[in-house]
Student: 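The structure follows.
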Amino acid sequence: MTKLLKDGTVTNDPWIHVADGDAVPESGPVIVTLARWQAEHNSLAGRADGLGIRLESGQSPEVIKDDLAHFAVVALAFPKFADGRAYSHARMLKDRLDYTGEVRAVGDVLRDQYRAMHRCGFDALEISGNHPADKLEADWRAALGELRHAYQPALRGPEPVLHQRHRAVAA
Amino acid sequence: MYRYDEFDHAMVKDRVEQFRGQIARRMAGEMTEEQFRPLRLQNGLYLQLHAYMLRVAIPYGQLNAVQMRKLAHIARTYDKGYGHFTTRQNIQYNWPKLSQVADILDELASVEMHAIQTSGNCIRNTTADQYAGVTADEIEDPRIYAEIIRQWSTFHPEFTFLPRKFKIAVSGAVGADRAAVRFHDIGLFIVKNDAGEVGFEVWVGGGLGRTPMIGKKIRGFVAKADLLAYLEAVLRVYNMLGRRDNMYKARVKILVHETGTEEFTRLVEKEFEDTQGGALDLPAAEIDRIADYFQPPAYEALSDDPPALTARRFEDKGFNNWVRVNVARHKVAGYAIANISLKPVGVPPGDVTADQMDAVADIAETFSLGGIRVTHEQNLVLPDVRQDQLYDLWLALREQGLADANLDHIGDMICCPGLDYCSLANARSIPIAERISQRFADLDRQYDIGELRLKISGCINACGHHHVGHIGILGVDRKDQEYYQITLGGAPGEDAAIGTKVGAAFSAAEIVDAVETVVNTYLALRQPKERFIDTFRRVGDAPFKESLYDKAA
Ligand code: HEM
Ligand code: SF4
């Protein structure tokens, strides 16, 4: 069972990933691949129940920068936890492309990466396997709290040390 | 030197506890070795041939006496009584126990040290010129910017799972590059633009390994305020586009090469344009705050070449040689920069015992205002020595077996750990280094040969920098036999060059003779005052090949 850990809380995930070969359900929120979006742009864009897109780690959000308004979810895939491209993609979506919907991580993610993901702009993680919800939430809180400070600016997290040191000076 | 404030202290403390938890989860079986691996590597912990190996960062190579004593204490308490200084301004311990690593990190944190990001596919310890702040040929002190980069790169959320490791070096000197800047993923030279402003010249895509490359200059000037935004732009482009299908092609040097310097630069500039002037803007107040820590100490008013020094040099040939070879000009009159060669005959280059570390700490306090530097040539530096105390310093060093006067000579070679420790090695390198140092033990002979950089790696990864050795030796494996390939003509510094293979590899039994043949060929060909590398550049490799191979035919 896949669970969604969103903003630190485990929730039911109404979204369904539709693989390229499968039929798109009539109703309900779906997440499609980039290939599907590009091929079926017209019919998908008209859906009423919510549309999301899934980008593989080699697919830059630049490709869909003009389409972002169509998507309530952008799912960024982690084929392996050590493939860190999606960190940059998440930041690009939110920093540069001003995307305001949900950015979620799909795939192989370690608890030890939650904090970095959060700071880079991920809102939610799809977690597979048999983990009790309270353990996931506790892990999330623990992971986010392990380091009290952050040196560099990012999308979220503690105010960067750099700015804390100089707030007084700037004021 | 830089002193931690409350934030820096909290950061390393938190990291120690975080890693302690990760180790506990690993030992309890909650994490697989595969999951644990990148986490331990980001804490400097390798799994080697015989044991774990811990790599401790020495940011921009700077240590004080208290820290050096702590390194000695760790060597004694948690290891086998010695440590190994590496070419990346780190120290490695070869025998720590996993269960004790968090305690070691705790001890390091107590003296403002850590092992953060000394390994793994993240931004590694940023290195700098070991003469920073004391050399006369400097525009600005690179340690200030290395420290700023250290902080920015520490736990950078976006760049801890890069395609490969990422190394940055900074130099502030004009005309001298002691940090091998062009062989780093990003190399920064502090420069002055036409308007007289100080900023950075940016080189990207240098590196050694199996595809050695000299970096490409992608920008002549980046303003100080933009430094972090520019670095972040390079890193972002690399993170998104660097190859992940083949770890041998994952370094940024391959990306720059395959994309083309022009296109790569365009991509970086586009990223930079977007972030410039934003949250990454480096406030002048922060630069000033950090620069304050690197203010010069209170030097006394002295003059160069005091009579006491001149007299001693006249009386004692050994001392005179050491001064001539190991001591460099200081920017302040009456002071000197003294190099401690960690290459005595018969000792693995870079190895130091705990007792020697303690002694160096004492010596630094007595003779060098407490300061010590670690160089990328695996040596130490005492940056602030009074010229009139050089003789006493030399005596004190000699007592510790640390007064070898061979800096930049054939005895002062770089050598990687090779098969004696390294799980990736194809051949032994330490015994080869020992035999070469014995063959050339006679210092007068070394002085006759003059400047000669010899560098040995035990495998293609090139940790021992063989590509940038005037003479490079690369260990290779042929049908389970150790062989050694010679390259000639490499150079790490301002005259950066990558050496070329001369021909078939030599067996362990032949390699020392082969090196001697190369040296003798040079001696026969050189013009007055010509260094090995200059002769090589003038005559090319043909005469060397001839003397190495044609003889037998
Ligand atoms: C014994 C444990 C060690 C291991 C397992 C190890 C592993 C490696 C590997 C895998 C590479 C190739 C990376 C690449 O270029 O893509 C490499 C390169 C390198 N290593 Fe090591 N190494 C070890 C010790 C050392 C030591 C002791 C030094 C310094 C004396 C060192 C300094 C370097 C340097 C300078 C490079 C060149 C990398 C570049 O292109 O920038 N390593 N090492
Ligand atoms: S060059 Fe090879 S053998 Fe030597 S330390 Fe590096 S990886 Fe090990």
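Protein chains get the first letters and strands the later ones, always in sequence-line order, with residue 1 at the start of each.
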Student: If you count heavy-atom pairs under 4.5 Å with chain B, which of Ala90(A), Pro160(A), Pro153(A), Gly58(A) comes out on top?
Tutor: Pro153(A)
Student: Mind checking ring-ring contact (aromatic ring centres under 6.0 Å, His included) for Phe294(B) and listing every partner two or more places apart, or none if nothing turns up?
Tutor: Tyr60(B)
Student: For each of Arg85(A), His149(A), Lys80(A), tally heavy-atom pairs with chain B at distances under 4.5 Å, and name the one with the top tally.
Tutor: Arg85(A)
Student: Do Lys94(A) side-chain atoms and Gly121(A) backbone N/O form a donor-acceptor pair below 3.5 Å?
Tutor: yes
Student: Can you say whether Glu17(B) sits under 4.5 Å from chain A via the side chain, the backbone, both, or neither, judging by heavy atoms?
Tutor: neither
Student: Under a 4.5 Å heavy-atom cut-off, does chain B meet the side chain of Asp108(A), its backbone, both or neither?
Tutor: neither
Student: Side chain from CB out, backbone as N, CA, C, O: work out which of these in Glu62(A) comes under 4.5 Å of a heavy atom of chain B, or both, or neither.
Tutor: side chain
Student: Which answer fits Met92(A), side chain, backbone, both or neither, if we ask what part of it has an atom under 4.5 Å from a heavy atom of chain B?
Tutor: side chain
Student: Parallel, tilted or perpendicular for His9(B) and Tyr4(B), by the 30°/60° rule?
Tutor: perpendicular
Student: When heavy-atom pairs shorter than 4.5 Å are enumerated against chain A, which of Asp274(B), Leu280(B), Leu228(B) gives the highest number?
Tutor: Asp274(B)
Student: So which bits of residues 113-128 of chain B come within less than 4.5 Å of chain A, counting non-hydrogen atoms only?
Tutor: none
Student: Assign the ring pair Phe166(B) / Tyr238(B) to parallel, tilted or perpendicular, where the plane angle (0 to 90°) is split at 30° and 60°.
Tutor: tilted
Student: Under the rule for side chain to side chain contact (heavy atoms under 4.5 Å, CB included), what residues qualify as partners of Ile287(B), not counting sequence neighbours?
Tutor: Ile144(B), Tyr145(B), Ile148(B), Lys224(B), Leu282(B)
Student: Any donor and acceptor pair, going by atom type alone, linking the side chain of Asp141(B) with main-chain N or O of Arg143(B) inside 3.5 Å?
Tutor: yes
Student: Among Met117(A), Arg119(A), Arg96(A), which has the most heavy-atom pairs under 4.5 Å with chain B?
Tutor: Arg96(A)
Student: Go through the atoms of Leu147(A) and report whether side chain, backbone, both or neither lie under 4.5 Å from a heavy atom of chain B.
Tutor: both
Student: Can you tell which of Arg37(B), Arg236(B), His156(B) has the highest number of heavy-atom pairs within less than 4.5 Å of chain A?
Tutor: His156(B)
Student: I need the Arg20(B) CZ to Asp106(B) CG distance, nearest 0.5 Å.
Tutor: 5.5 Å
Student: Can you check side-chain hydrogen bond (donor to acceptor under 3.5 Å, both in side chains) on Tyr87(A) and Gln113(A), steps first, answer last?
Tutor: CA-CA 10 Å; Tyr87(A) 293 96; Gln113(A) 298 179 306; 3.3 Å; yes
Student: Quick one: which of Gln22(B), Arg25(B), Met31(B) has the most heavy-atom pairs under 4.5 Å with chain A, could you say?
Tutor: Arg25(B)
Student: Do side-chain atoms of Asn239(B) reach the backbone of Phe159(B) as a donor and acceptor pair under 3.5 angstrom?
Tutor: no
Student: Is it the side chain or the backbone of Ala86(A) that comes within 4.5 Å of chain B heavy atoms, both, or neither?
Tutor: neither
Student: In terms of heavy-atom proximity below 4.5 Å to chain B, should Ala154(A) be classed as side chain, backbone, both, or neither?
Tutor: side chain
Student: Side chain from CB out, backbone as N, CA, C, O: work out which of these in Asp288(B) comes under 4.5 Å of a heavy atom of chain A, or both, or neither.
Tutor: neither
Student: Can any side-chain N or O of Asp13(A) pair as donor or acceptor with the backbone N or O of Leu4(A) at less than 3.5 Å?
Tutor: no
Student: Sorted by first residue and then second, give each salt bridge (Lys or Arg N to Asp or Glu O under 4.0 Å) pair with at least one member in residues 42-54 of chain A; sequence neighbours left out.
Tutor: Arg54(A)-Glu56(A)
Student: Are any side-chain N or O atoms of Gln152(A) and backbone N or O atoms of Trp152(B), one a donor and one an acceptor, separated by less than 3.5 Å?
Tutor: yes
Student: Give, as side chain, backbone, both or neither, the part of Arg150(B) having an atom under 4.5 angstrom from any heavy atom of chain A.
Tutor: side chain
Student: Can you tell me if Asp8(B) uses its side chain to pair, donor with acceptor, with the backbone of Asp5(B) under 3.5 Å?
Tutor: yes
Student: Flag the pair Asp123(A) / Arg156(A) as yes when at least one side-chain heavy-atom distance between them is below 4.5 Å, and no otherwise.
Tutor: yes
Student: Can you tell which part of Arg91(A) gets under 4.5 Å to a heavy atom of chain B, answering side chain, backbone, both or neither?
Tutor: side chain
